[in-house]
Amino acid sequence: MPEHDFELYLSLLSRFLRLNPAQRDEIADELRDHLEQRLEELSSRGISREEAIRQALDEFGDAAELASHFTKATHIRRRRLIMRCTLGTVGALAATLLVATAFWPQGPHAPEAPSPRLGMAQEPEAVVPPAKAELAVVPSDDLRAQVATKLEARIDVLEMSERPLEEVIGMIGEQTGVDILFDEQSMTNEGIGLDQQVRKLPVTHTKLTARAALDLILEPLQLGYTIRDGLLLVRTQQKLSENLEIRVYNVRDLLVQPDREAAMAGGGAGARGGQFSVESALTAVAWAQIAQGFGGERRAQLEGVITTTVDPETWSEVGGPGSIIQYNGLAIINQTPAVHAKVEKLLEMMRKSLREPAAAKR
Amino acid sequence: MAKLNPELMRGSLDLVVLTVLSGGRKYGYLLQQELRDASRGLVDMQAGTLYPLLHRLEADKLIRSRWDDSTGRRRKWYELTEAGRKRLAQQAHEWREYADCLREMLTPVLGRLAKPV
């Protein structure tokens, strides 16, 4: 019945609208008003009521498609609002955290910082062996490490292929418990929209680490991310390569002679003063190193390793914008987030191989 | 059906709607009608395009809506916000500049080529 087609269309549209009931009713009312007027006009031209209704509904197009256009318009604004609120809340929490950690007693390892998302189970961070005398880890490194850990979580990417960027990032944020923001300004400048479609993701691994997923998703869009104050900030690769950030790396462990064999030999010679364990021998070696101020040679070596391995043309030694300076076992590096990420990776790899027992290398 | 290539109009749909609203508050059907009249039939926006557009403009706070039943029937009216006014002014100037530029570039071409049927 053509009369019922009207209401049928509207109720179909309503069902497709992913909005709250009040919004759905409003849209239905508005369109009903339009349809009625359109009917009047067409009828006055002598068109039959049946034909008029058919034509008027035709002008609205497919109900599902129309619904999707309405839903999109409303959701974009809401999501941006949520992101802005989240930024405000998390920003305040992060600031409180930093202040709190500054006053915590310095120990081998700063106590675990509460996550801005309460109730999320946290992996306790690895405890540093007491043999090493460590400076308290700089608070922002703690937050970064936490986010980095969360990014290792495996997430479901099946639903993400070819969906809008904003939505996909929202999903990643939810699944990892990481707060993700967009540097909208840099993106708008490059003409990258939040509604940009994400590429088709490989289906062979439906669960990727969030880190891998982010790289897959952001790279082709000329985007990247940096972790700052415990938040993950998505911005253009252009912007990332422009901004320099200062980060402090504790590299004492890399400057200490990893000379287990010498220590073991030293244990044998312990006959002089009685027994002492390998551990205390190591400590003695470490302290000796510290006393010597880490040996200028080792410092220079470490710097050389970093500046020749990681983006060599970006360092001040060769006229680049980045710099590295060492102080008391800390490496203070001023570089773009991209280079920092590589430096971190390099240090991680170095630490890993230094931990392997010398015997295994034979 | 619009005689103009819809691709051509894509970037300016917001602009024409804001323009019509600058003449006073309107409801959807009326807006569609006035758009047709003002463009001498060249801009014939389908309802399926117009209503989502209005909702988007409202979400972007460029226009605001109000339900009014003073005429006896409940009707949704739209009007420009301050931000909408500013956006209209900005876009109108940009488009004018672009249109003038195009006109200059196209005049010699138009002289030489016959209008396609």
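Proteins get letters first, then strands, A, B, ... in listed order; numbering begins at 1 in each. Just so you know, these numbers come straight off a predicted model, no measurement behind them.
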Check the pair A/Q37 / B/Y27 against side-chain contact (heavy atoms from CB on, under 4.5 Å), numbers first and verdict last. CA-CA 12 Å; A/Q37 289 185 74; B/Y27 55 92; 3.3 Å; yes

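For A/R45, the CZ atom sits in a packed shell: over 12 heavy atoms of surrounding residues, nucleotides or ligands are nearer than 6.0 Å. Heavy-atom neighbours of A/E162 CD from other residues, nucleotides or ligands within 6.0 Å: above the threshold of 12. Counting non-hydrogen atoms of neighbouring residues, nucleotides and ligands closer than 6.0 angstrom, the CD atom of A/E51 exceeds 12 such neighbours. Taking a 6.0 Å sphere around CZ of B/R87, one finds it holds 12 or fewer heavy atoms contributed by other residues, nucleotides or ligands.
At a threshold of 4.5 Å between non-hydrogen side-chain atoms, the residues B/W67 and A/E26 count as touching. At least one side-chain heavy atom of B/R73 sits under 4.5 Å from a side-chain heavy atom of A/D33.
When each of B/K76, B/R74, B/Q32 is checked for heavy-atom pairs under 4.5 Å with chain A, B/K76 comes out on top. For the set A/E41, A/R32, A/E65, the count of heavy-atom pairs under 4.5 angstrom toward chain B peaks at A/E41.
Using modelled atom types, one finds a donor on one side chain and an acceptor on the other under 3.5 Å when comparing B/H55 with A/E30.
The OH atom of B/Y51 sits 11.5 Å away from the CD1 atom of A/I27 when rounded to the nearest 0.5 Å.
Contacts between A/L35 and chain B at a heavy-atom distance below 4.5 Å are absent for every atom of the residue.
When all heavy atoms of B/G48 and A/L66 are compared, the closest pair comes out as O-CD1, 3.5 Å.
Applying the side chain to side chain donor-acceptor pair (under 3.5 Å) rule to A/Y9 yields no partners; only residues at least two apart in sequence or on another chain are considered. Judged as a ring-ring contact (aromatic ring centres under 6.0 Å, His included), and not counting sequence neighbours, the contacts of A/F60 are A/H34.
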